[in-house]
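In each ligand, atom 1 is the first atom listed, and ligand 1 is the first ligand listed.
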Amino acid sequence: MNTPAQHDTALAFSHLPLPASTQANLAQLGYERMTPVQAASLPAALSGRDLIVQAPTGSGKTAAFGLALLNRLDPAVWQVQALVLCPTRELADQVCAELRRLARAAGNVKILSLCGGATMKPQRESLAHGAHIVVGTPGRLMDHLERGTLLLGALNTLVFDEADRMLDMGFFDDMVTVVKQCPPQRQTLLYSATYPEGIAALAARFLREPKSITVAAVATPTAESATGTIRQIAFEVAESERLHAVATLLNHYRPASTLAFCNTKQQCRDLVDVLTAQGFVALALHGDLEQRERDQVLIRFAQRSVSVLVATDVAARGLDIEQLEAVINVEVTPDAEVHVHRIGRTGRAGHDGLALSLASMDEMGRIGRIELAQGAEFTWQKLADLKPAPGGPLRPAMATLQILGGRKEKIRPGDVLGACTGEAGFAASQIGKIKVTEFHTYVGVVAEIADEAVRRLGAGQLKGRKVKLRKLDDVVR
Ligand code: AMP
């Protein structure tokens with residue numbers, strides 16, 4: 001058996017054939033040792049082999065393929081050399097952010113995100129300026145290929161990220177169309193949390209003698225962000241009480257941020273109605289929302305001005321939410337894998353998680369299958385034993401202000417922070433996350449100062465223009 005010291009050395013990035021500048025960048029990023037998925041896949045990936053990797057989100061898989069594709073990249077060649085296919089824009093944005101961190105060592109590397117929901121023209125213009133790496137969703141990539149705005153002749157690395165999710169979302173045909181335009185001489189890396197039949201079909205068609213790698217447990221990227229434990233508690237519920245039972249759980253546990261999963265869009269809407277009527281700040285995320293509405297919901301949840309996000313599984317795909325205190329299964333899902341995926345969203349980054357499930361008598365069979373799949377039993381408690389904490393529903397600590405003007409007006413987060421802490425006279429500690437989208441800028445502020453902030457910022461200027469802004473209401477649907 002390895003001693004801990006030997007074990008540590010084996011996981012050092014210095015064992016990999018990576019340039020000194022990359023090694024230094026990894027050290028600067030605080031990546032001291034490889035995560036299991038990186039240790040298992042990087043040597044083969046760097047040697048140019050095709051891979052099928054089964055690894056969950058949060059395992060460090062982006063760096064696992066990112067280091068491989070960057071290692072082969074020539075920044076002097078202004079052509080697309082690597083393409084990453086992702087199921088959602090949120091995931092694509094995350095992948096871009098991680099690739100940019102990793103690419104700092106490689107000089108001037110242009111990384112472009114091409115996803116549906118955004119306007120085509122700026123994407124076409126960015127492509128015309130040249131890009132080395134493209135990250136995007138299959139449908140939009142296909143659009144660009146059809147119009148001839150995206151050329152893949154110089155591509156040498158193709159990555160499928162969360163391939164199973166892309167299949168679930170009906171992207172198979174689009175993926176095939178995109179892959180057919182990639183040169184046959186290339187490395188293909190396929191990442192997927194599960195390995196359904198469709199993935200096998202995809203791999204058989206587009207990968208060459210792939211090596212299969214499975215990393216079962218969620219990895220621990222850094223010592224500080226060790227995966228916390230997830231407390232799983234189930235409650236028996238009558239069908240007629242289900243939605244009110246969610247409020248009972250929220251009033252008892254008082255989590256600051258909760259993701260509540262429903263099985264249907266209608267259930268999402270109904271639950272938001274019930275929670276809103278009781279004084280919670282809850283928003284729904286489902287497939288019927290337009291991209292801009294979806295962005296707004298996610299920004300508000302990330303800024304913590306909304307404490308409950310009610311979502312279907314499909315809508316929640318690719319969401320990466322840090323610090324989620326609780327996940328509530330409003331209904332038990334018939335798919336044990338989906339359950340594991342749902343609850344894996346809490347208990348991240350070293351925090352303990354809380355996964356609460358409401359189960360009617362009809363759903364007991366599902367519970368049994370989940371227990372088998374996860375190799376652990378649920379703890380059962382009675383809803384009647386839960387007491388609401390005093391003080392009524394927990395109000396969000398933050399509020400979100402929406403400023404008219406965004407990237408189009410060249411607004412940057414620093415400008416907004418400057419306006420808040422300068423002329424308006426607020427402390428930086430009263431300002432939370434700032435998110436700039438194409439046409440709007442969203443600022444998280446401590447709830448108590450929200451109205452005053454609207455007044456003071458509205459009286460001032462931003463980028464030489466009068467600021468138009470409003471506080472986003474608690475009740476938005
Ligand atoms: P991912 O699974 O790619 O989304 O990565 C999860 C998180 O782990 C990201 O925030 C990465 O920046 C971080 N990460 C990836 N590799 C390492 C590593 N070797 N050491 C520390 N953190 C890492």
Side-chain angles (χ1 to χ4, degrees), residues 7-18 22-46 51-71 82 84-106 111 113 133 135 157 159-166 189-194 213-228 298 302 316-324 340-341 344-351 353 433:
H7 189 63
D8 258 21
T9 352
L11 292 176
F13 281 103
S14 54
H15 286 285
L16 299 173
L18 291 170
T22 305
Q23 301 278 6
N25 184 39
L26 289 169
Q28 217 171 37
L29 288 171
Y31 294 11
E32 286 169 3
R33 60 190 82 83
M34 291 186 268
T35 67
V37 67
Q38 291 162 359
S41 64
L42 268 170
L46 289 169
L51 298 181
I52 299 174
V53 185
Q54 257 184 282
T57 315
S59 55
K61 65 184 162 65
T62 316
F65 62 74
L67 288 170
L69 68 84
L70 284 166
N71 202 40
V84 183
L85 296 175
C86 293
T88 62
R89 181 142 79 104
E90 285 80 26
L91 182 67
D93 287 347
Q94 263 168 256
V95 168
C96 280
E98 176 78 350
L99 290 180
R100 288 197 179 106
R101 280 193 284 272
L102 295 168
R104 289 193 308 202
I111 303 171
S113 162
I133 304 172
V135 181
T157 315
V159 181
F160 296 97
D161 196 6
E162 301 204 358
D164 49 353
R165 302 280 154 215
M166 286 195 276
L189 304 170
L190 187 151
Y191 289 78
S192 192
T194 60
I213 292 168
T214 305
V215 179
V218 174
T220 311
T222 58
E224 304 84 63
S225 67
T227 307
L298 291 175
R317 242 161 231 158
L319 272 193
D320 184 54
I321 301 159
E322 34 176 319
Q323 277 269 72
L324 191 58
V340 174
H341 198 74
R345 294 172 173 282
T346 180
R348 286 205 184 156
H351 297 271
K433 292 185 181 169

- prompt: Short list, please: which atoms of ligand 1 are under 4.0 Å from a heavy atom of Phe13?
  reply: 19 (N)

message: On a heavy-atom basis, which atom in Cys86 and which in Ala92 lie closest, and how many Å separate them?
response: SG-CA, 3.9 Å

task: Could you tell me whether Tyr31 and ligand 1 have an N or O pair separated by under 3.5 Å?
output: yes

message: I need the contact type for Arg33 against ligand 1. Using non-hydrogen atoms and a strict under-4.0 Å cut-off, is it side chain, backbone, both or neither?
response: backbone

task: Below 4.0 angstrom from a heavy atom of Thr62, which ligand 1 atoms are there? Numbered from 1 as shown, please.
output: 1 (P), 3 (O), 4 (O)

message: Minimum heavy-atom separation for Leu51 and Ala45, please, with both atom names.
response: CD1-CB, 3.9 Å

message: Is there a polar contact between ligand 1 and Gln94, counting only N or O atoms under 3.5 Å apart?
response: no

message: Check this for me - ligand 1, Met34, N or O atoms closer than 3.5 angstrom, yes or no?
response: no

- request: Compare every heavy atom of Arg104 with every heavy atom of Asn25, then report the nearest pair and how far apart it is.
  value: OD1-NH2, 3.0 Å

task: Check the pair Ile133, Leu70 against side-chain contact (heavy atoms from CB on, under 4.5 Å), reporting the backbone distance first and the verdict last.
output: CA-CA 9 Å; Ile133 304 172; Leu70 284 166; 3.8 Å; yes

- request: Would you mind reporting whether Tyr191 and Ser59 have side-chain heavy atoms less than 4.5 Å apart?
  value: no

message: Only heavy atoms of Ser59, strictly under 4.0 Å: list the atoms of ligand 1 that pass.
response: 2 (O)

- prompt: Which heavy atom of Pro17 sits nearest a heavy atom of Leu46, and at what distance?
  reply: CD-CD1, 3.9 Å

